[in-house]
Every structure is written in C-alpha cells, then in structure tokens.
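Input: a single structure, listed below in structure tokens.
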There are 2 protein chains.
Amino acid sequence: MRLSARTEYAAIAALELARHWQAEEPVRIREICAAQGVPARFLVHILLRLKHAGIVASVRGAAGGYRLARHPEEITLEDLRVAIEGPGTDVAPVSVALGQRSRLAGLLAESWEAAARAEADVLRGTTLADLAARCRSGDAMYYI
Amino acid sequence: MRLSARTEYAAIAALELARHWQAEEPVRIREICAAQGVPARFLVHILLRLKHAGIVASVRGAAGGYRLARHPEEITLEDLRVAIEGPGTDVAPVSVALGQRSRLAGLLAESWEAAARAEADVLRGTTLADLAARCRSGDAMYYI
DNA sequence: GCACTAATACTCGGATAAATGCTGTCCGAGTTATCATGG
DNA sequence: CCATGATAACTCGGACAGCATTTATCCGAGTATTAGTGC
C-alpha cells in the first residue's frame, strides 16, 4: 500500500523529463536533483532501471543526460511503478499460497487482487502528458 | 502495493471467525491455525491488534477464544487493513514532503493518493459476510 | 454431596532475534564534448 | 586553419553499509474452566 521512495523518485524524474520533452538536449541528473531535491547518487540507479525498462533513453559523455524514450502520452504511472518494483510482485502471496488448499484463503486472494487491479487501473489512466500539462497551467480547474 | 503477511493472516482469521459467527462458543487460535495453516504464535499478536481495534472480542481462560465484536456485514477488508497497518500510513510520503515546494511533486502526491483511494473503495465494498457466504455456497456463479 | 485445591488451557503482552528489503553512498570504468596546443 | 591530445563532464554498474521493518518465536503472567481430594 505504501509506495517505495524509489518509485516516487522515478515518477518525479520522469515527469521532469516530460516537461523537457520538446527540448533538443537531454536533461542531466544534476538538473533534476536541483529542481526537485532528490539525492543524486540514488537517482542514478533509479534512472538506470527506467532505462532498462525502455522508458528512458540516455546520452553518454559530456553534454549527455536523459530523455524520455516514448511520448509522454504513452507513459503511465503504472508503467513507472512496474518498471521500478518489477512485475513479479504478487499482491497477496500468502493468500495465494494458502489458497491452494483453503477455499477461504483463495477467496481472499481474489479480493486483494481485485483491489489491486482497481488501483492499477487508476494509475494506468494517468499519463505523464496529463501531469505535465496540469503542471504548466495552474490546475485550478481541477479544484471545483 | 504489496500486502504484509500480517494483514493477510488477519483477514484469514477474521473470515474464519465470521464462519463461526452463529456459534455460541468462541473459536480458539489453535483451531484457526489447524484449519488455515497460519503460525500460531504469530496469530496471537495479530488477533491482539484486531482486539484493540475493536474488531474482535476475546474470552479468557480455559474454553476461551475469539469471536467477532461486530456483525460480519459491518466488517470490511479495509477495516482489517487499517486495523493492522495503522491509519497513519501515508501512501506517498516523499511526494507529499517535496510537494511543499515543488508543484510537480504535489501533483504526483495527489495522483498516488487517488489510486490508493480507488483501492480502498474496493476493499470497503467487501464485507466478511460476503466472503463467508461465497465460501459456503461454492461461488461458481462468480465465474461466468 | 460439598468445599477447597491443583492442574490445565487459554489469552495477554513484552522482549528478542533472524531475515529481508530499503535507502543511500562510493568507486572505478566507459564515453563524449570541449579546449588547448603545436604544426 | 587543422589535427592531436588532454581534460572535464557525464553515464554505467556493481559493491556495500546503515537502518528500519517484517516475521516470527519465546517466556512469564493473568484468568477461567475442569478435575481431583478430603471432609
């Protein structure tokens, strides 16, 4: 239920990259950290994971940095979450295991997973493009 | 996103108690463990938390045990979750903290919390009575 | 048959320990742009 | 003006340490039922 700091940092960094989507030059880690207050040495490894997941692309060497590998509209918060935490995360491993022999535990496993699906659906509905747009135009409209 | 084993065990135990809701005598820990394969010494502390949360009532002494403190229809999976994990669990503490100064992080904090709310809503819609009923009558009807 | 005592079975709650994962740092290596220097 | 080499800036990736949380286990204490024992 609680997000790991890694995942949060990943989203912050990715959203920062989304803001610079139109720019030519890649964004350096130092810039992200300066703007958002994220520990730099830690962010390195996070961006590395995002790169391996195909969400982010990197440019090496001086004047290098990171940019989004796909259009911001095609990257959702759920993408970022599974990129960091891995897809193999069972929501309720104990219930699933016990559910092999106990009908009761099996029912619970289904319920937990239904809740997790609801959460994932919401995250899948939020793209980086949405957030970037709301970030620019003070999103007073969302607070009616 | 991943449930703690404690929470899963709590739900299993509570659902087992719900099945014996109509019985006079309380259910002993050993019976729950025998039926569901939960470590006994661990379940003691879990039931203690559920008791402090007012979800479960205990009868001390020989022939003692546990029973639900409320009607199974008035106990949801969300109740069990907050009883075990505590209500003070921020979903995205980092984003909330950074959101004080960064609009970007603030937007993310809202998004994470919206997803968490969706999940909590599903859990709030599932009562122990529901699950107990489905547990008795082989719930083939749910698999259309 | 009755009162009293001992044994038993259960809950209560804290202390403790091992395992695991999270968070963050450090360091060396690889890669590229930039700049200085010499021809 | 051009070529070459040094330097700086950045990414890559593993190793590692400190810390917190999780997952139990253990033990003593409290409480009520039950069985036994003596009168």
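Letters A, B, ... are given to chains in the order of the sequence lines, protein chains preceding strands, and every chain is numbered from 1.
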Does one hydrophobic cluster hold both [X] and [Y], with members joined at side-chain heavy-atom distances below 4.5 Å?
X	Y	answer
B:Leu123	B:Val82	no
B:Leu48	B:Leu68	yes
A:Phe42	A:Ile12	yes

- Mind listing the closest non-hydrogen atom pair of B:Leu47 and B:Val56 along with its distance?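 Minimum heavy-atom separation between B:Leu47 and B:Val56: O-CG1, 4.4 Å.
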- Message: For A:Phe42 and B:Val44, find the nucleotide of DNA chain C closest to each by heavy atoms; which residue's nucleotide sits nearer the 5' end?
- Response: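 Final value for this comparison: B:Val44.
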So with a 6.0 Å cut-off around [atom1] of [X], is the heavy-atom count from everything else above 12?
X	atom1	value
B:Arg70	CZ	yes
B:Glu74	CD	yes
A:Arg124	CZ	yes

[X] [atom1] - [N] [atom2] separation (whole Å):
X	N	atom1	atom2	answer
B:Leu50	C:dC12	CG	P	11 Å
B:Ile84	D:dT21	CD1	C1'	15 Å
B:Leu43	C:dG13	CG	C1'	15 Å
A:Leu48	C:dT23	CG	P	17 Å
A:Arg6	C:dG21	CZ	P	11 Å
B:Arg41	C:dC10	CZ	P	12 Å
B:Leu47	D:dA24	CG	C1'	15 Å
B:Leu3	D:dT22	CG	C1'	13 Å

- Please list residues of residues 51-71 of chain B whose heavy atoms come under 4.0 Å from any atom in DNA chain D, ordered by number; otherwise none.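 Of all residues in residues 51-71 of chain B, the ones placing a heavy atom under 4.0 Å from DNA chain D are B:Arg60, B:Gly61, B:Ala62.
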- Task: For DNA chain D, determine which residues of residues 9-37 of chain B have any heavy atom closer than 4.0 angstrom to one of its atoms, and list them numerically.
- Result: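 Heavy-atom contacts with DNA chain D come from B:Tyr9.
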- Short side-chain donor-acceptor distance under 3.5 Å, A:Glu73 and A:Thr127: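 No.
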- Report yes or no: is there a donor-acceptor pair, N or O only, under 3.5 Å between the side chain of A:His45 and the base of C:dT23?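 Counting by modelled atom types and ignoring angles, no donor-acceptor contact under 3.5 Å is found here.
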- Message: Quick one: does any side-chain atom of B:Glu16 pair with a main-chain N or O of B:Ile32 as donor and acceptor, under 3.5 Å?
- Response: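 It does not hold such a pair.
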